[in-house]
Protein chains: 2
Amino acid sequence: MGTPTADRVTQSLEALATRGERVTAARRAVIEVLDGTTDHLTADEIAVRAAQSAPGVHRTTVYRALTTLGELGIVSHTHVAGSATIYHLTTPGQDHPTADHAHVQCTSCNRIIDIDESALVPLERTLRKDIGFRVDVHHAAFLGTCADCLAATSD
Amino acid sequence: MGTPTADRVTQSLEALATRGERVTAARRAVIEVLDGTTDHLTADEIAVRAAQSAPGVHRTTVYRALTTLGELGIVSHTHVAGSATIYHLTTPGQDHPTADHAHVQCTSCNRIIDIDESALVPLERTLRKDIGFRVDVHHAAFLGTCADCLAATSD
DNA sequence: TTATGTGCAAACTGTTTGCGCGAAG
DNA sequence: CTTCGCGCAAACAGTTTGCACATAA
């Protein structure tokens, strides 16, 4: 916490430029927002925060920026059942936009918890072997009940 | 395939009555639709089919019926990333509304494939042990790429 | 300059809600 | 008869799209 991460932003912007995409205030703002948080942000939340550094950015623009950044592998997203998609910056420098963690969501308190990708290796392996299906393990949140809510329920 | 399943419907209706819920034409129609298909149906598709046996049933009513039936454990649903929730009848007679299979969805062709729940046991075990999280494995579809689309891509 | 993003409004999908009427029990 | 479910319209959230204007390159 205190480690400067400005170059992550710079790298992302350079990646944009390299691919012939324009570096705009809106895109910069979106990247800065994503860089500056550990939370899982929805497009709407990103729009609100981005509007602080780049007044006037619209939700629409944020969606379009996220789409573009997603296509370039700079950003990746996770579908969350029953609510908005969450977005995060992929660590630049890796070839694949593969995040290093997956998400589980508590259907009781709606909290989203990061889990280590390694927990999913057996699932990946089984599905690939059984039906040739390649699971994209960070692309949707797994649902269930978190420890806290389990405890609360059993009371 | 040819096995009469009328009693599955009857059982569901009886379950309704037993719990003090009213047995209405709309609810009957929804149950019949779910009983009469092997497909994964969305609320909208259920509404369309239900309207054939019970003219005038509205989407709204179908949603409410599905909610009620879900609370009673007669129906369960699976969230599908980026599109509508799919519903299916849980086999009556079991205590838990736990379905016997989970779903994976191909992000390329959007096909939904049933997978055996056993593939998910290691994941369940790991998460329970590591963070005390109980995964509800049939409550959200896992995303990825199916064998066909993988083959098509690598061509 | 000129293609590409942006802002805005509006459409669209999936789902929920408020309300008075109608039917199940 | 009385409560509960229904139909309808309308609201709602999340996301996408069409179009004219602004701007990065």
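Letters go in sequence order (proteins before strands), and every chain restarts at 1.
- Residues A/H138 and A/H103 keep their aromatic ring centres 6.0 Å or farther apart.
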(message) Across nucleotides 15-25 of chain C, 5' to 3', mark each nucleotide with B, S or - according to how protein heavy atoms within less than 4.0 Å reach it.
(response) BBBB----BBS
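- Identified under the salt bridge (charged side-chain N to carboxylate O under 4.0 Å, His left out) test for residues 54-82 of chain B, with sequence neighbours left out: B/D44-B/R59.
- Between B/E124 and B/R134, no side-chain nitrogen of the basic residue sits less than 4.0 Å from a carboxylate oxygen of the acidic one, so the salt-bridge criterion is not met.
- When only modelled atom types and interatomic distance are considered, B/H88 and B/D39 share no side-chain donor-acceptor pair under 3.5 Å.
- You'll find the ring centres of A/H79 and B/H79 outside the 6.0 Å limit.
- Spacing between atom CG of A/L66 and atom P of C/dT6 amounts to 11 Å, rounded to whole angstrom units.
- For B/T61, the side chain to side chain contact (heavy atoms under 4.5 Å, CB included) partners two or more places apart in sequence, or in a different chain, are B/A26, B/H58.
- Side-chain atoms of A/H101 and A/D116, non-hydrogen and from C-beta on, never get closer than 4.5 Å to each other.
- Between its two ends, the helix from C/dT1-D/dA25 to C/dG25-D/dC1 turns its axis by 30°, counting five pairs per end and rounding to 10 degrees.
- Contacts of A/G56 with the nucleic acid, taken as non-hydrogen atoms under 4.0 Å apart, involve only primed sugar atoms and P, OP1 or OP2.
- Reading DNA chain D from its 5' end, the first and the last nucleotide to sit under 4.0 Å from a heavy atom of chain A are D/dG14 to D/dA25.
- The distance from atom CG of A/L13 to atom C1' of C/dG5 is 15 Å, rounded to the nearest whole Å.
- Separation of the A/F133 and B/F142 ring centroids does not fall under the 6.0 Å cut-off.
- The two residues A/V104 and B/I131 have their closest heavy-atom pair at CG2-CD1, 4.4 Å.
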Could you list the donor-acceptor pairs under 3.5 angstrom formed between side-chain atoms of residues 47-56 of chain A and any protein atom two or more places apart in sequence or on another chain?
unit_1, atom_1, unit_2, atom_2, d
A/S53, OG, A/A50, O, 3.3

